[in-house]
Amino acid sequence: MSDAHRAGALQSRDAPTFSPLYRQIKGLITRSLQSGEWKPGELIPSETELAARFGVSQGTVRKAIDELATENLLVRRQGRGTFVATHQEARAQFRFLRMRPDRGGDAGPMDSRVLECRRTRAPGDIARALQLRSGETVVQVRRVLSFEGQRTVLDEIWLPGALFRGLTAERLSAYRGPLYALFEAEFGTRMIRADERLRAVSADPECAAQLGVPVGEPLLLVERVSFTYEDRPVEVRRGFCVTRSHHYYNELS
């Protein structure tokens, strides 16, 4: 059977409208990632094996994997194969952490001090952003991020309570890696992408006290909604950032 005929066969099972065959294979691979068939950091089957599994050409599989690699769901490693991307990798941490020192380079070693972690009812705006029912339970986390001993970000984070049962301040404080790596490893929730909005605000008394700046200090507010597979929102985050010696960095290509 040709790839064109296979496209029709796959299409009839998986979607009501036409999409290129490699996109359909991409969708099937993504479902396997979502179901946990291949865990973060694990080697996935070779292109030859996947081509045989889906009954398509190796070139079709390669094109699907290329797109998944571009979207940071998979990582190609020369001579080793293709692996499921993981937040345990240093490069993944800086994909979501956009604060950089003015002197150049990455943000460097980060210290996280947890102020609060509690289960509460979702405020209306948070429930809408997370696609929850009004008043549904969320986990609220507040923490201060310091770089080289300098308090730089006050994070306010909301997570769906059903996905993050057992998340406590003690568990957060004991974990030494990136927060998204904890969510991935212990709660089976992988952040795939995020939408962000940036605006300038003034430090209120609470922000000022936690960040060690005067009330009214100009801050950069980064509001983020993070998504897992199938564009499902799983985190709302508001980061109040001191920009005396740091800036928000993004590379457009």
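Interatomic distance, S134 OG to I126 CD1, rounded to the nearest 0.5 Å: 12.0 Å. Rounded to the nearest 0.5 angstrom, Y229 OH and L73 CG are separated by 5.5 Å. In this structure, CD1 in I29 is found 10.5 Å from CD in E37, a value given to the nearest 0.5 Å. Note that OG1 of T228 and CD of E184 are 9.5 Å apart. Values are rounded to the nearest 0.5 Å. One finds the CG atom of D111 at 8.0 Å from the CZ atom of R176 (value rounded to the nearest 0.5 Å). For the atom pair CD1 (I44) and CD (E49), the distance works out to 9.5 Å, reported to the nearest 0.5 Å.
When only modelled atom types and interatomic distance are considered, T70 and E67 share no side-chain donor-acceptor pair under 3.5 Å. Side chain to side chain, S202 and E217 fail the donor-acceptor criterion of an N or O pair below 3.5 Å. Between H247 and D102, the side chains place a donor N or O and an acceptor N or O closer than 3.5 Å (distance only, hydrogens not considered). Between the side chains of Y248 and E196, at least one donor-acceptor pair of N or O atoms lies under 3.5 Å. Side-chain N/O atoms of S32 and S35 include no donor and acceptor closer than 3.5 Å. Using a 3.5 Å distance cut-off with no hydrogens or angles, the side chains of Q150 and S245 do pair a donor with an acceptor.
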Next on the checklist: Run the salt bridge (charged side-chain N to carboxylate O under 4.0 Å, His left out) test on R118 and E116 for me, step by step, so that the C-alpha distance in whole Å, both residues' side-chain angles and the decisive distance to 0.1 Å come before the verdict.
Outcome noted: CA-CA 6 Å; R118 67 190 182 103; E116 181 181 34; 2.9 Å; yes
Checklist entry - Could you walk me through whether E47 and K63 pass the salt bridge (charged side-chain N to carboxylate O under 4.0 Å, His left out) check? => result CA-CA 10 Å; E47 292 176 1; K63 194 168 183 180; over 6 Å; no
Next on the checklist: Checking E71 against K26 for the salt bridge (charged side-chain N to carboxylate O under 4.0 Å, His left out) test, could you report, in this order, the C-alpha distance in whole Å, the side-chain angles of both residues, the deciding distance, and whether it holds?
Outcome noted: CA-CA 11 Å; E71 294 171 7; K26 175 187 172 184; 2.6 Å; yes
Checklist entry - Under the side chain to side chain contact (heavy atoms under 4.5 Å, CB included) criterion, do Q34 and E230 qualify, and how do the steps go? => result CA-CA 9 Å; Q34 183 179 9; E230 296 183 336; 3.4 Å; yes
Checklist entry - Could you go step by step and tell me if D155 and R237 meet the salt bridge (charged side-chain N to carboxylate O under 4.0 Å, His left out) rule? => result CA-CA 7 Å; D155 266 340; R237 181 184 300 217; 3.3 Å; yes
Checklist entry - What do the steps show when you test L167 against L182 for side chain to side chain contact (heavy atoms under 4.5 Å, CB included), and what is the final call? => result CA-CA 10 Å; L167 183 63; L182 172 68; 4.2 Å; yes
Next on the checklist: Run R197 and R238 through side chain to side chain contact (heavy atoms under 4.5 Å, CB included) and show every step you take.
Outcome noted: CA-CA 10 Å; R197 296 186 303 174; R238 294 173 183 158; over 6 Å; no
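Panel note: side chain R165, backbone A162; a donor-acceptor pair is recorded below 3.5 Å. Checked by atom type and distance alone, the side chain of T30 never pairs as donor or acceptor with a backbone atom of L28 at under 3.5 Å. Remark: side-chain polar atoms of E42 are paired, donor with acceptor, to backbone N or O of K39 under 3.5 angstrom. Under the 3.5 Å distance criterion, the side-chain polar atoms of R151 are matched with a main-chain donor or acceptor of Q210.
In R232, the CZ atom is not crowded: 12 or fewer heavy atoms of neighbouring residues, nucleotides or ligands sit closer than 6.0 Å. Around the CZ atom of R133, the shell of radius 6.0 Å holds no more than 12 heavy atoms that belong to other residues, nucleotides or ligands.
Here the side chains of Q140 and I157 are not in contact, with every heavy-atom distance at 4.5 Å or above. Side chains of D195 and R224 form no contact here, defined as non-hydrogen atoms less than 4.5 Å apart. Side-chain contact between W38 and F83 is absent, with no heavy-atom pair separated by less than 4.5 Å. Side-chain atoms of E223 and R199, non-hydrogen and from C-beta on, do get closer than 4.5 Å to each other. In this structure, H87 and M191 have side chains that are in contact, with non-hydrogen atoms separated by less than 4.5 Å. Between L179 and L172 the shortest side-chain heavy-atom distance falls below 4.5 Å. Counting heavy atoms from C-beta on, the side chains of V138 and P160 never come closer than 4.5 Å. Contact of the V114 side chain with the E170 side chain is not registered, since no non-hydrogen atoms from C-beta on lie closer than 4.5 Å.
Each of W158 and V234 belongs to its own hydrophobic cluster when Ile, Leu, Val, Met, Phe, Trp and Tyr are linked at side-chain heavy-atom distances under 4.5 angstrom. L130 and V222 fall into different hydrophobic clusters, where Ile, Leu, Val, Met, Phe, Trp and Tyr side chains are chained together by heavy-atom contacts under 4.5 Å. Grouping the Ile, Leu, Val, Met, Phe, Trp and Tyr side chains by contacts below 4.5 angstrom, directly or via other members, places L163 with L159.
Each of L21, T48, L50 was evaluated against V61; a single residue qualifies, L50, per the side chain to side chain contact (heavy atoms under 4.5 Å, CB included) test.
Of all non-hydrogen atoms in L154 and C207, the two that sit nearest each other are CD2-SG, 3.7 Å. In plain terms, the two heavy atoms of R171 and G166 that are nearest each other are NH1-O, 3.1 Å. Heavy atoms only, all atoms of each residue included: L74 and V84 are closest at CD2-CA, 4.0 Å. Closest heavy-atom contact between F164 and V139: O-CG2, 3.9 Å. Nearest heavy-atom pair across L43 and R80 is CD1-O, 3.6 Å. Nearest approach of T243 to M99, heavy atoms of both residues: CG2-CE, 4.5 Å.
Judged by the 6.0 Å distance and 45° axis criteria, R190 is not positioned over the aromatic ring of Y180. With Y249 as the aromatic partner, R98 does not meet the cation-pi criteria of under 6.0 angstrom to the ring centre and within 45 degrees of the ring axis.
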